[in-house]
Q: 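Sharing a structure below in C-alpha cells format, with a few things to ask.
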Amino acid sequence: MQEVIIKLLKEKNPAPLSGQSMARELGVSRTTVWKKIKALQKEGYVITGSPRCGYIMERIPERICPYELSAKLGTQNIAPDPSYIHCLASVDSTNELLKQMAEQGAPEGTVLIAEKQQQGKGRMGRNWSSPEGKGIYLSILLRPPLPPHNTSPLTLLAAVAACSGIKTVLPQLAPGIKWPNDLLLRGRKCCGVLCELKAEMDLIHYLIAGIGINVNTSLDELPPSLQETATSLQLENNGEKVSRTSVAAAILQHFDELYREYLAAGVAPVLDRWTSSNITLGKKVKIESPNFSFQGVARELDNSGALVVEGVRGERKHFAAGEVTIL
Ligand code: BT5
C-alpha cells in the first residue's frame, strides 16, 4: 500500500492530495492512510500536510529505500518486488546479516543494503571502510541450482554487474576490472566484491554476493592508509554528487540479466563481458597469496574464471585465487 501512496503523491506533486481521495483509491480508511504516511515519514520521506487539507510529497529520502529502488527495477530473479529489499541504517556487515537471513530461509533475490557498516568485510579477513550515507554497501542472496564448483564465475559476474551499473549511470566513467573483482578508476579502487558460499559436496545452500562502492565518499572520510589508493564516483565525476539509488538500481538490473544469462547459457558470456571490461589481461603482473608469489604476463581467464599467467620461461600457471598487482 505504501508503494501506491508514494506513487499517488508523486503524480499529484506539487499539489496536495487529500487523505480522503487516497483512502477511496485504496479502499481503506483515512486513519489507515494517515498511519501509512507516518510510517513513510519515519523512513525519511518528507511529507507535509494533514488528512483534511491534503498531503504533499516534498522530498524522497536521502537514504536508499526499498520503494525508490524497486521503482527503478524491472528484474525477475533479483529483488522482483520491494518486499525482497531490506534497507537498514547500520549493520556490522551486510554479508554477515544476509547470511543469517539465508539460514532462516530468505529467498533467492533478497537484497540487503545498509547506510553504514561497522565491520564491513573484504576478502581474507581484510576490512571494507564504509562511511555512513556515502557509499553503497549491498549484498545479494543467490541460491543457484548448480554444483558448488560452478560458482566462482559468480564473483566475476558481480564485478561485471557493478562495472556495467556504474557505466549506465555515469557513461563518462570507464571503470576497469582488476582480477578478480576490484573496480578501478584512474588506477584507484572505487569498488570491491566479496562472494561467500555455503555448500556441501554437491549442493549449494546459498551464495552471498557483497558489493561495496565509494559513491559520494570523500578521501578524508576514508582511513589515511587508503587515501593514496582509493577514489569515489563523485570524485571522478568532477565532484558532482551521484545518486546512490540510481547506481544501486543499475547494478541490480545488470546483475539480474547476467545471472539469468549465466544460468541459461553457462560461463562463456560472463567471461566475455569480464574480459571486455578488464585492465589485467596483457599486463605484467605479480600474483601473491600467503603461500606463493609469481610474476608474469596475465594472458587469459580459463573456463573456471582462473587467471592464466605466463612466466618468463613460457610456463603457464592457472590461479584460482590471489592478490594481483599490476607492475
Ligand atoms: C574487497 O576485498 O574489495 C571486497 C569488499 C566488499 C565490500 C562489500 S560491502 C557490502 C558487503 N558486506 C561486507 O561486509 N562486505 C561486502 P579485498 O579485495 O580484500 O580488498 C580489501 C582492501 O581494500 C582493504 O584491505 C583496503 O586496502 C581496501 N579498502 C578498504 N575499504 C576501501 C574503500 N572503501 N575504498 C577503497 N579501498 C578500500
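All ligand and atom numbering here is 1-based and tracks the order in the structure.
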Q: Under 3.5 Å, is there a donor on one side chain and an acceptor on the other for Glu257 and Gln253?
A: yes

Q: Of the backbone atoms (N, CA, C, O) and the side-chain heavy atoms from C-beta on, which set of Leu222 has a member under 4.0 Å from an atom of ligand 1: side chain, backbone, both, or neither?
A: side chain

Q: May I ask you to identify the nearest protein heavy atom to atom 31 (N) of ligand 1, giving residue, atom name and distance to one decimal place in Å?
A: Ser129 N, 2.9 Å

Q: Tell me, which pairs form a ring pair (Phe, Tyr, Trp, His ring centres under 6.0 Å) where one or both residues lie in residues 289-319, sequence neighbours left out?
A: Phe292-Phe319, Phe294-Phe319

Q: Taking all non-hydrogen atoms of both residues into account, name the closest pair between Ala250 and Val169 and its distance.
A: CB-CG2, 3.9 Å

Q: Would you kindly specify which portion of Ser225 sits under 4.0 Å from ligand 1, judged on non-hydrogen atoms: side chain, backbone, both or neither?
A: neither

Q: Taking only heavy atoms of Ser93, which atoms of ligand 1 are found under 4.0 Å from at least one of them?
A: 12 (N), 13 (C), 14 (O)

Q: If I take atom CG from residue Asn181 and atom CG from residue Leu157, how far apart are they, to the nearest 0.5 angstrom?
A: 11.5 Å

Q: Using a 4.0 Å heavy-atom cut-off, which part of Leu226 comes near ligand 1: side chain, backbone, both, or neither?
A: side chain

Q: Tell me which part of Thr217 gets within contact of ligand 1: side chain, backbone, both or neither, using heavy atoms under 4.0 Å.
A: neither

Q: Pick one: which of Lys99, Glu103, Arg143 meets side chain to side chain donor-acceptor pair (under 3.5 Å) with Tyr206?
A: Glu103

Q: Report, in ascending order of atom number, the atoms of ligand 1 lying under 4.0 Å from any heavy atom of Asp182.
A: 3 (O), 18 (O)

Q: Closer than 4.0 Å to some heavy atom of Lys121 - which atoms of ligand 1 meet that?
A: 5 (C), 6 (C), 7 (C), 13 (C), 14 (O), 15 (N), 16 (C)

Q: Look at atom 35 (N) of ligand 1 and say which protein heavy atom is nearest, naming residue and atom and giving the distance to 0.1 Å.
A: Asn214 ND2, 2.8 Å

Q: Taking 4.0 angstrom as the limit, do Arg188 and Glu236 come out as a salt bridge?
A: no

Q: Compute whether any side-chain donor of one residue and acceptor of the other, for Ser152 and Thr155, lie under 3.5 angstrom apart.
A: no

Q: For Asn127 and ligand 1, answer yes if some heavy atom of the residue is under 4.0 Å from a ligand atom, otherwise no.
A: yes

Q: Checking Ser93 against Asn95: is there a side-chain donor and acceptor pair closer than 3.5 Å?
A: no

Q: Once you restrict to heavy atoms under 4.0 Å, what part of Arg126 touches ligand 1? Side chain, backbone, both or neither.
A: side chain

Q: Going by the order shown, which atoms of ligand 1 are within less than 4.0 Å of some heavy atom of Gly212?
A: 7 (C), 8 (C), 9 (S)

Q: Considering only non-hydrogen protein atoms, determine which one is nearest to atom 2 (O) of ligand 1 and report residue, atom name and distance to 0.1 Å.
A: Arg123 N, 3.1 Å

Q: Can you tell me if Gln117 has a non-hydrogen atom under 4.0 Å from ligand 1?
A: yes

Q: So, applying salt bridge (charged side-chain N to carboxylate O under 4.0 Å, His left out) with Arg244, which one of Glu62, Glu115, Glu132 is it?
A: Glu115

Q: Can you see which heavy atom on Leu271 is nearest to which on Gly305, and at what distance?
A: CD2-CA, 4.1 Å

Q: Could you find the nearest protein heavy atom to atom 10 (C) of ligand 1 and give me its residue, atom name and distance?
A: Thr94 OG1, 3.1 Å

Q: What atoms of ligand 1 come within less than 4.0 Å of a heavy atom belonging to Gly120?
A: 14 (O)

Q: With heavy atoms only and a cut-off of under 4.0 Å, state how Val193 meets ligand 1: side chain, backbone, both or neither.
A: backbone

Q: State whether Arg273 and Glu261 are salt-bridged, where the test is any N-O pair (Lys NZ or Arg NE/NH1/NH2 against Asp/Glu carboxylate O) under 4.0 Å.
A: yes

Q: Closer than 4.0 Å to some heavy atom of Ala230 - which atoms of ligand 1 meet that?
A: 35 (N), 36 (C)

Q: Provide the closest heavy-atom pair for Pro131 versus Thr217 in the form atom of the first, atom of the second, distance.
A: CG-CG2, 3.7 Å

Q: Which atoms from ligand 1 have a heavy atom of Leu138 less than 4.0 Å away?
A: 10 (C)

Q: Polar-atom distance check: Lys189 versus ligand 1, any N or O pair below 3.5 Å?
A: yes

Q: What side-chain donor-acceptor pairs closer than 3.5 Å can you find for residues 35-48, not counting sequence neighbours?
A:
unit_1: Gln41; atom_1: NE2; unit_2: Ile47; atom_2: O; d: 2.6
unit_1: Tyr45; atom_1: OH; unit_2: Glu68; atom_2: OE2; d: 2.7
unit_1: Thr48; atom_1: OG1; unit_2: Glu58; atom_2: OE2; d: 2.8

Q: How far is atom 38 (C) of ligand 1 from its nearest protein heavy atom, and which residue and atom name does that atom have?
A: Trp128 CZ3, 3.4 Å

